[in-house]
Amino acid sequence: MPLPSMLQRLPRWALLLPWLACLCMAPAALHAAECGQITTWQASDFAAALYPSVITVNSPGAPPGGPPGGGLATTIAATPQPSGARTLANNTAITVYSFTSAANASAYYAHRRAHIVLPPVHEQAGQVAIVSSTLRQGSVTDLYLDALHRSSVILVAGYADSSQPMASGSAVSLYLSLLAQAQALVDAKCGPVTPVNRPPTIALSPDPAAAPAFQELMTQGHEFALQVNDPDGIGDIDLGSFHVWVAGVDKTRHFLETVARHPSRQRQVSTATGATYYLRPDPQFLMTEFNYFNIQWNGKWPVAFGICDRQGACARADYTIYFGPYFALTPATWLGQAGGGCVGTNKEIRVSYILGNNGHDSQHVGIYLGLLRASDDALWTYGRDDSPNQWHWKALVPAWNWPNALSGVRISPPGEVALTLDTKPAYRPIAAGSYELLATAAEPSATDMLLVSRPAVICAH
């Protein structure tokens, strides 16, 4: 199997072959191009010997039985004129309604289907054969079939004299052959089937916007995933187009070389349409051996991934990922609900938390806890290190300091802090009402921090 194009350009990335090779295995899928409305119907489209009566309407109009305000269609209707006994073979008409789009055709088809209550004798994707209630000893005397094809709806309908029944299986086979003729006619009017290219997708999972969940998985040594998919098949993905940008700088080589150095901490799951690459960083070396994005200092970093298919259609996924000390609230923190209880009845709020650092070492980190009132955006921060503990209005005061927050550290089990509400804050009291509890871990000179919040309903106290 030949090396993927990106590995051919950079041979020393050969360690990545097990991680990427499966993307070269499957061919791209073929999809029919959508056909525009057909306005070139002719009587000669059906053999005159079989269908002496052919009606063509090349000016769009409302087809019978359609939904109010539905799409307009052009029409060709071919009707036989049997001599002698009427059988399904010599007394079945074919009608084609051509719409401006497949969506309009689907809407018309769905509306017709919703108004037919008789059970089908044949049903598969896009085509249904219905027998009427006129049955005689298991034989069909009245039948029609409808089907979707590109931007058209095809109807095949006929009936037989009571003396000329046909078994239902044979009748369906006959109708399917007539349907195939009508489909071939639509294809000829639409032109040859050509591929419709659909762009690939690329995504990081979990989404780093779900902070601090993304930071937590890094400090716990759990996996995150890069997902690459193409609806036209895995073989349509152009590996040579894969890119990673950090703050607008191409970091593709750095990212792939970092991945390649640790084959035991990666795995891959492939499907017919793509692959998911799972990466498991080592918390002890987040900013060294497992610094996938070449992060130079703590803060929020724009990270983007790009991929194209072999037809030149591209996808890009942009994220903002925070690296550094973080504060995570645990489910044990209960802050009341607007439709239920409230917190503070015992004159304190108990906050359960986890501290971690998915970025570079930090010697001095302030832990901030605040209440933001929903009604007027008034803000209080809690100074637990004060004597006595006190809420500060319009002042950013750390609740406590976290010295020596090393890279990859995660303090567990969770800590807990009680925020008392019975001490009057400076300048303005904290009244009962709806708030947001805000929490963050921030370095003194930080311009970026990871702010977490949770709704809180404060009781009267």
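Note that these values count all heavy atoms, side chains included, but never hydrogens, waters or copies made by symmetry.
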Heavy atoms only: give me the nearest [X]-[Y] pair and the separation to one decimal.
X	Y	answer
Cys308	Ser241	N-OG, 2.7 Å
Pro231	Pro199	CD-O, 3.4 Å
His222	Pro281	O-CD, 3.4 Å
Ile411	Ile354	O-CG2, 3.6 Å
Leu145	Leu179	CD2-CD2, 3.8 Å
Ala313	Pro200	O-CD, 3.4 Å

If you round to the nearest 0.5 Å, how far is [atom2] of [Y] from [atom1] of [X]?
X	Y	atom1	atom2	result
Asn358	Gln220	CG	CD	11.5 Å
His149	Asp187	NE2	CG	3.5 Å
Ser352	Arg350	OG	CZ	11.0 Å
Leu419	Leu371	CG	CG	7.5 Å
Tyr144	Thr95	OH	OG1	12.5 Å
Arg198	Asn229	CZ	CG	12.0 Å

Counting N and O atoms only, with roles assigned by atom type, does the side chain of [X] sit under 3.5 Å from a partner on the main chain of [Y], one being a donor and the other an acceptor?
X	Y	result
Ser151	Thr100	no
Asn357	His360	yes
Asn291	Ile295	yes
Asp361	Ser407	yes
Glu123	Ala129	no
Thr75	Val57	no
Thr271	Gly274	yes
His111	Ser106	no
Gln37	Pro60	no
Asp230	Ile234	no

Start with the C-alpha distance between Thr219 and Tyr326, add both sets of side-chain angles, then the distance that settles side chain to side chain donor-acceptor pair (under 3.5 Å), and finish with yes or no.
CA-CA 11 Å; Thr219 58; Tyr326 66 85; 2.7 Å; yes

For Leu379 and Trp393, run side-chain contact (heavy atoms from CB on, under 4.5 Å): C-alpha distance rounded to whole Å, both residues' side-chain angles, the deciding distance at 0.1 Å, then the answer.
CA-CA 6 Å; Leu379 174 66; Trp393 180 54; 5.8 Å; no

Given side chains that start at C-beta, do those of [X] and [Y] come closer than 4.5 Å, heavy atoms only?
X	Y	value
Tyr319	Asp207	yes
Ile237	Ile307	yes
Tyr175	His122	no
Pro283	Met218	no
Ser453	Leu437	no
Arg113	Asp146	yes
Ile367	Leu355	yes
Val259	Gln266	yes

Distance alone, cut at 3.5 Å: any donor-acceptor contact between the side chains of Asn298 and Glu443?
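Glu443 and Asn298 do have a side-chain donor-acceptor pair below 3.5 Å.
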
Between Trp41 and Thr74, does any side-chain donor sit less than 3.5 Å from a side-chain acceptor?
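On atom types as modelled, these side chains qualify, holding a pair under 3.5 Å.
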
Determine the interplanar angle of the [X] and [Y] rings, folded into 0 to 90°, and report it as parallel if under 30°, tilted if 30 to 60°, perpendicular if over 60°.
X	Y	result
Phe293	Phe305	perpendicular
Phe224	Tyr292	perpendicular
Phe290	His262	parallel

Checking side-chain contact (heavy atoms from CB on, under 4.5 Å) for the pair Lys251/Trp245: CA distance, chi angles, key distance, verdict?
CA-CA 5 Å; Lys251 296 293 183 179; Trp245 299 274; over 6 Å; no

Kindly write out the residues that satisfy side chain to side chain donor-acceptor pair (under 3.5 Å) with Asp318, not counting sequence neighbours, or none if the list is empty.
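Partners of Asp318 by the side chain to side chain donor-acceptor pair (under 3.5 Å) criterion, ordered by chain and then number, come out as Arg316.
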
Listed partners of Glu223 passing side chain to side chain donor-acceptor pair (under 3.5 Å), at least two apart:
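By the side chain to side chain donor-acceptor pair (under 3.5 Å) rule, Glu223 matches Arg267.
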
Verdict with reasoning, Arg454 to Glu436, per salt bridge (charged side-chain N to carboxylate O under 4.0 Å, His left out)
CA-CA 6 Å; Arg454 194 174 294 182; Glu436 288 281 333; over 6 Å; no

Quick one, Phe327 with Leu450, criterion side-chain contact (heavy atoms from CB on, under 4.5 Å). Give me CA distance, side-chain angles, the key distance, then yes/no.
CA-CA 8 Å; Phe327 183 102; Leu450 187 62; over 6 Å; no

Applying salt bridge (charged side-chain N to carboxylate O under 4.0 Å, His left out), name anything that partners Glu216, two or more places apart in sequence or on another chain.
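For Glu216, the residues satisfying salt bridge (charged side-chain N to carboxylate O under 4.0 Å, His left out) (neighbours in sequence not counted) are Arg410.
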
Gln311: which of Asp238, Asn197, Asp232 passes side chain to side chain contact (heavy atoms under 4.5 Å, CB included)
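One option only clears the test, and that one is Asn197.
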
Please evaluate residues Asp282 and Arg265 with respect to the criterion side-chain contact (heavy atoms from CB on, under 4.5 Å), reporting the C-alpha separation (whole Å), side-chain torsions for both, the decisive distance (0.1 Å), and the verdict.
CA-CA 8 Å; Asp282 187 333; Arg265 300 187 74 89; 4.0 Å; yes

Establish, yes or no, whether a centroid distance under 6.0 Å links the rings of Tyr97 and Tyr109.
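Ring-ring flag for Tyr97/Tyr109: false, centres at least 6.0 Å apart.
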
Ring centres under 6.0 angstrom apart (Trp402, Tyr353)
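Centroid separation for Trp402 and Tyr353: 6.0 Å or greater.
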
